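The structure appears below as structure tokens.
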Amino acid sequence: MKTSPLKPAADVPPDALPLFATAVRAGFPSPADDFVETPLDIHDYLVKHPAATFFARAEGDSMTGFGIFSGDLLIVDRALQPQHGDVVIAAIDGELTCKVLDLHNRLLRAGNRRYPPIELHDNAELLIEGVVIHSVRHHRCSRW
């Protein structure tokens, strides 16, 4: 087995992981730099408002068109003001759902054509629980 061209710096703080200066290509391989740009604390990168952030698991296939798959970990920020086009966690009549907020048409939209949009009627009880700022997906198959 060959040695890795990626060599982390020795002075990376224990809370941080190395962030390599060279992006990893998803196409044809290319030589990587041997340098670490700066340490990256994954918590600081993913969570901007710790006191207002929570995690949730996605379930189902209604958001696959937006890159959110069943089992993904969603990082949700309650401190952000929901805007048109944001992926949000919404409670509609007490039921939680993950959808895209369409303020222009007063809808919650799925990322899968098989699911119709949810109309936001005046009499519906709607609460936006937070804005989904990141999703985390596991790529290693544990079934093999």
Side-chain angles (χ1 to χ4, degrees), residues 1-105 107-120 124-144:
M1 184 182 288
K2 293 184 178 182
T3 59
S4 172
L6 302 175
K7 296 175 185 151
D11 60 344
V12 175
D15 294 5
L17 298 173
L19 172 64
F20 291 93
T22 300
V24 178
R25 295 179 187 249
F28 294 103
S30 73
D33 289 344
D34 289 339
F35 302 102
V36 172
E37 186 177 290
T38 55
L40 173 71
D41 183 321
I42 195 72
H43 187 270
D44 288 344
Y45 180 74
L46 296 176
V47 178
K48 299 300 181 209
H49 306 107
T53 299
F54 68 93
F55 302 100
R57 285 260 179 230
E59 183 179 339
D61 63 353
S62 72
M63 294 298 287
T64 57
F66 294 107
I68 297 174
F69 296 86
S70 195
D72 285 357
L73 179 68
L74 305 178
I75 302 172
V76 186
D77 192 331
R78 290 180 175 217
L80 300 176
Q81 181 66 38
Q83 297 178 8
H84 175 78
D86 279 345
V87 175
V88 297
I89 302 298
I92 305 168
D93 296 326
E95 238 178 276
L96 289 174
T97 187
C98 177
K99 298 288 183 273
V100 172
L101 183 61
D102 181 345
L103 292 174
H104 299 155
N105 298 298
L107 299 170
L108 291 173
R109 295 189 179 275
N112 182 331
R113 293 179 190 260
R114 295 184 335 182
Y115 296 87
I118 300 169
E119 294 184 37
L120 301 176
E125 205 175 299
L126 172 71
L127 176 63
I128 303 295
E129 294 288 350
V131 176
V132 176
I133 53 173
H134 300 285
S135 62
V136 180
R137 181 173 320 117
H138 290 276
H139 292 277
R140 188 171 190 188
C141 181
S142 61
R143 294 174 281 170
W144 300 33

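Bear in mind that the values here come from a model prediction, so they are computed numbers and not experimental data. Residue indices begin at 1 and follow the sequence shown.
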task: Check the pair L101 / L108 against side-chain contact (heavy atoms from CB on, under 4.5 Å), numbers first and verdict last.
output: CA-CA 5 Å; L101 183 61; L108 291 173; 3.8 Å; yes
- request: Please report the shortest heavy-atom distance between R109 and K99, naming the atom on each side.
  value: O-CB, 3.4 Å
message: So which atom in I128 and which in P82 form the shortest heavy-atom distance, rounded to 0.1 Å?
response: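 Shortest heavy-atom contact: CG2-CG, 3.5 Å.
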Listed pairs under 3.5 Å, donor-acceptor, residues 85-96 side chains, sequence neighbours left out:
{"residue": "D86", "atom": "OD2", "partner": "Q83", "partner atom": "N", "Å": "2.8"}
{"residue": "D93", "atom": "OD1", "partner": "E125", "partner atom": "N", "Å": "3.0"}

query: Taking only residues at least two apart or on different chains, which pairs with a member in residues 70-81 satisfy salt bridge (Lys or Arg N to Asp or Glu O under 4.0 Å)?
result: D72-R137, R78-E129
query: By salt bridge (charged side-chain N to carboxylate O under 4.0 Å, His left out), which residues pair with R114, not counting sequence neighbours?
result: D61
message: If the condition is salt bridge (charged side-chain N to carboxylate O under 4.0 Å, His left out), which residues does D44 pass it with, not counting sequence neighbours?
response: none
- prompt: Excluding sequence neighbours, so at least two apart, what forms side-chain contact (heavy atoms from CB on, under 4.5 Å) with Q81?
  reply: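 Q81 satisfies side-chain contact (heavy atoms from CB on, under 4.5 Å) with no residue once adjacent residues are dropped.
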- prompt: Under the side-chain contact (heavy atoms from CB on, under 4.5 Å) test, which residues partner L73, sequence neighbours left out?
  reply: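 Listed in chain order: F55, R57, V136.
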query: Looking at NE2 of H49 and CG of L80, how far apart are the two atoms once the value is rounded to the nearest 0.5 Å?
result: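 Atom-to-atom, H49:NE2 and L80:CG are 6.0 Å apart.
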task: Output the distance between atom CD1 (I68) and atom SG (C98), rounded to the nearest 0.5 Å.
output: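 That separation rounds to 4.0 Å.
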Apply side chain to side chain donor-acceptor pair (under 3.5 Å) to [X] and list each qualifying residue two or more places apart in sequence or on a separate chain.
X: T53; value: none
X: S135; value: none
X: H138; value: none

Side-chain heavy-atom pair V47, H134 within 4.5 angstrom cut-off: no
- request: Could you list all the ring-ring contact (aromatic ring centres under 6.0 Å, His included) pairs where at least one residue sits in residues 62-100, not counting sequence neighbours?
  value: H84-H104
Greater than 12 external heavy atoms within 6.0 Å of Y45's OH: no
